2 protein chains.
Amino acid sequence: MARTTGSDGERTEAAIRDAATALIARHGYEAMSMRQLAGEVGVQAAALYRYFPTKEDLLFSLMLEHMEALLTAWQEARPASTRPQVLLSAFVENHIAFHIARRHSTHVSNMELRSLSPERLTRILKLRTTYEKELRTILRDGAATDAFAADDIELTAMALIQMMTGVIVWFRPDERLSVAGVTETYLRMTMRLVGANEGREENHVHQHAEFRA
Amino acid sequence: MARTTGSDGERTEAAIRDAATALIARHGYEAMSMRQLAGEVGVQAAALYRYFPTKEDLLFSLMLEHMEALLTAWQEARPASTRPQVLLSAFVENHIAFHIARRHSTHVSNMELRSLSPERLTRILKLRTTYEKELRTILRDGAATDAFAADDIELTAMALIQMMTGVIVWFRPDERLSVAGVTETYLRMTMRLVGANEGREENHVHQHAEFRA
DNA sequence: TCATTAATAAAACGAACGTTCAATTCTTTC
DNA sequence: GAAAGAATTGAACGTTCGTTTTATTAATGA
């Protein structure tokens with residue numbers, strides 16, 4: 001047999017991406033076989049190769065989309081204000097919202113870097129560095145204007161990112177905690193951690209971003 | 001050919017464990033083949049099966065040793081004092097020192113849980129929970145005595161652990177930062193994050209633990 | 001309606017995988 | 001110095017892997 005009724009290239013590719021993200025997040029890139037992925041999509045393994053030349057191309061495509069979506073999300077969420085407290089609050093809220101909404105692709109992008117070729121690894125890491133630089137800039141401005149008391153900018157940035165991204169390891173929806181509740185607590189912890197000046201902190205950006213899973 | 005001159009069971013097993021920890025940390029459990037491991041040890045693949053019945057038995061053994069070593073390290077590092085600030089300082093110092101010294105096995109224990117059978121996964125997670133409970137107890141006592149201002153104990157504990165363990169992702173020795181320097185900065189960030197009472201914080205435990213890699 | 005193209009199935013490829021087994025040699029013990 | 005045990009080799013087993021090739025059908029456009 002061959003082409004099946006109702007088959008559509010775009011739909012199939014999207015289904016492959018979604019299924020691959022979920023499978024890799026759950027079992028790992030090496031542990032996921034192309035046959036298993038094809039079975040999840042409801043297609044034969046050979047059909048996958050119409051959309052992705054190799055398994056690694058598929059992985060790289062997922063990671064690239066993830067990193068670009070993260071940068072885009074922050075560009076759109078970034079407030080006009082230049083006040084460090086406002087910027088940092090927005091960064092924390094966006095980071096947590098994005099990573100919870102896309103925890104599967106976050107897992108893929110964070111845990112499967114070693115399966116990329118050197119050139120592709122560099123490409124992804126460059127995007128990651130670009131994102132982290134945003135946070136470092138906020139922290140540096142805050143320290144320069146005495147809005148924050150944080151001493152080592154690099155360490156503070158890494159600590160914050162690890163802390164925030166770590167949410168996806170244990171957080172599950174439908175528990176005692178909502179996304180908004182977790183974000184609120186993490187905002188308080190962040191502000192204390194960087195030694196934010198008390199006083200005029202009340203105008204946080206409180207429009208919680210929404211992302212599709 | 002068969003038994004080689006100078007061969008020794010204990011030495012071979014130790015060599016297997018070390019090589020496996022490094023290989024799994026670098027390439028992942030699924031990506032490491034038994035032949036590759038054997039090559040690293042300087043032995044034929046079949047020889048591995050004298051020490052570990054299956055590949056998964058090897059992984060589980062590495063993880064079990066890691067978690068038990070972590071708990072033992074904390075038991076020995078835990079100060080006699082009951083003051084929350086002192087206990088938390090000691091916990092942070094021990095955690096960072098241990099995880100930097102054993103970053104390879106930390107990677108294995110944190111990233112390869114999905115390759116364990118359900119029963120073994122439960123066994124490892126139970127040890128992890130035991131360890132995390134130590135931190136939660138410290139935080140709870142600190143909050144009860146107003147030594148800390150942390151509100152949500154569970155979230156604070158998870159945030160701190162993610163933040164501290166995250167050090168192994170980016171920290172490399174021989175850089176601008178020493179283990180002691182990183183620990184110092186993380187201690188300050190931790191104390192601010194939990195809203196530790198200023199004043200009598202000076203008697204931290206400052207005997208940095210040493211672990212073998 | 002008929003050629004063209006897009007989308008898939010089915011089968012096969014060689015390579016690599018975890019693991020087993022029999023044979024062989026070193027080491028220890030008496 | 002011979003017997004017993006420990007340590008390892010080399011070859012092989014069946015399975016699964018990523019990928020390729022070829023054939024076949026569904027949708028599309030003139």
Side-chain angles (χ1 to χ4, degrees), chain A residues 1-24 26-63 108 112 114-118 120-121, chain B residues 1-24 26-63 108 112 114-117 120:
Chain A
M1 313 205 176
R3 181 168 189 173
T4 54
T5 46
S7 63
D8 176 287
E10 280 193 31
R11 271 215 317 275
T12 304
E13 175 167 351
I16 293 174
R17 303 181 76 91
D18 289 351
T21 303
L23 281 177
I24 297 175
R26 179 153 39 241
H27 305 295
Y29 170 74
E30 297 277 352
M32 177 198 75
S33 77
M34 296 299 269
R35 286 171 179 82
Q36 183 185 10
L37 172 57
E40 201 77 17
V41 177
V43 106
Q44 289 296 316
L48 304 175
Y49 288 83
R50 181 169 184 79
Y51 304 95
F52 302 96
T54 69
K55 192 183 177 186
E56 198 211 310
D57 281 301
L58 168 57
L59 175 65
F60 176 65
S61 174
L62 296 178
M63 288 184 169
V108 174
E112 308 294 348
R114 56 193 169 199
S115 295
L116 291 179
S117 70
R120 287 171 161 179
L121 175 62
Chain B
M1 314 206 171
R3 180 167 190 170
T4 52
T5 48
S7 63
D8 176 288
E10 279 193 33
R11 272 214 317 273
T12 304
E13 176 168 348
I16 294 173
R17 303 180 75 91
D18 289 352
T21 303
L23 281 177
I24 297 174
R26 178 151 40 238
H27 305 294
Y29 169 75
E30 297 278 353
M32 178 198 73
S33 77
M34 296 300 269
R35 286 171 178 82
Q36 183 185 10
L37 173 57
E40 202 78 16
V41 177
V43 106
Q44 289 297 315
L48 303 175
Y49 288 82
R50 181 168 182 79
Y51 304 95
F52 301 97
T54 70
K55 192 184 178 187
E56 197 211 310
D57 281 301
L58 168 57
L59 176 65
F60 177 64
S61 174
L62 296 177
M63 289 185 169
V108 174
E112 307 295 346
R114 56 192 169 199
S115 296
L116 291 179
S117 70
R120 286 172 161 177

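Please read these numbers as outputs of a predicted model, since none were measured by experiment. Letters A, B, ... mirror the listed sequences (proteins, then strands); counts begin at 1.
- Taking every side-chain heavy atom of A/R35 into account, D/dC17 is the closest of C/dA9, C/dA7, D/dC17.
- Ranking D/dG18, C/dT8, D/dA7 by closeness to the A/K55 side chain, first place goes to D/dG18.
- The nucleotide whose nearest atom lies closest to any side-chain atom of A/R50 is, among D/dT8, C/dA7, D/dT19, C/dA7.
- Side-chain atoms of B/E112 come within 3.5 Å of backbone N or O of B/Y29 as a donor-acceptor pair.
- B/E13 places its CD atom 10 Å from the P atom of D/dA7, with the value rounded to the nearest Å.
- Atoms CD1 (B/I24) and C1' (C/dG18) sit 14 Å apart, rounded to a whole Å.
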Side chain to side chain contact (heavy atoms under 4.5 Å, CB included) between A/H27 and B/E30, intermediate numbers included: CA-CA 10 Å; A/H27 305 295; B/E30 297 278 353; over 6 Å; no
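- Remark on DNA chain D: of its neighbouring residues A/Q36 and A/A46, the 5'-side contact belongs to A/Q36, judged by nearest-heavy-atom nucleotide.
- Counting only distance, with no hydrogens or angles, the side chain of A/E56 and the backbone of A/S117 share a donor-acceptor pair below 3.5 Å.
- For D/dT8, the OP1/OP2 oxygens have a side-chain nitrogen or oxygen of B/T12 closer than 4.0 Å.
- With rounding to whole Å, B/E30 atom CD is found 15 Å from D/dG18 atom C1'.
- Distance OH (B/Y29) to C1' (C/dC17): 12 Å, rounded to an integer number of Å.
- Closest contact between the side chain of B/Y49 and the listed nucleotides C/dT19, D/dT19, C/dA7 involves C/dT19.
- Residue A/L37 contributes atom CG, which lies 18 Å from atom P of D/dT16 at whole-angstrom precision.
- The side chain of B/Q44 contributes no N or O atom lying less than 4.0 Å from OP1 or OP2 of D/dT8.
- A donor-acceptor pair is defined here as one N or O able to donate and one able to accept, closer than 3.5 Å; no such pair exists between the side chain of B/S61 and the backbone of B/D57.
- Residue B/H27 contributes atom NE2, which lies 16 Å from atom C1' of C/dA16 at whole-angstrom precision.
- The distance from atom CZ of A/F52 to atom P of C/dT8 is 13 Å, rounded to the nearest whole Å.
- In this entry the distance linking CE of B/M32 with P of D/dC17 reads 18 Å, nearest Å.
- Atom CG of B/L37 sits about 6.0 Å away from atom CG of B/L23, to the nearest 0.5 Å.
- Look at B/S33 and you won't find any side-chain N or O under 4.0 angstrom from OP1 or OP2 of C/dA16.
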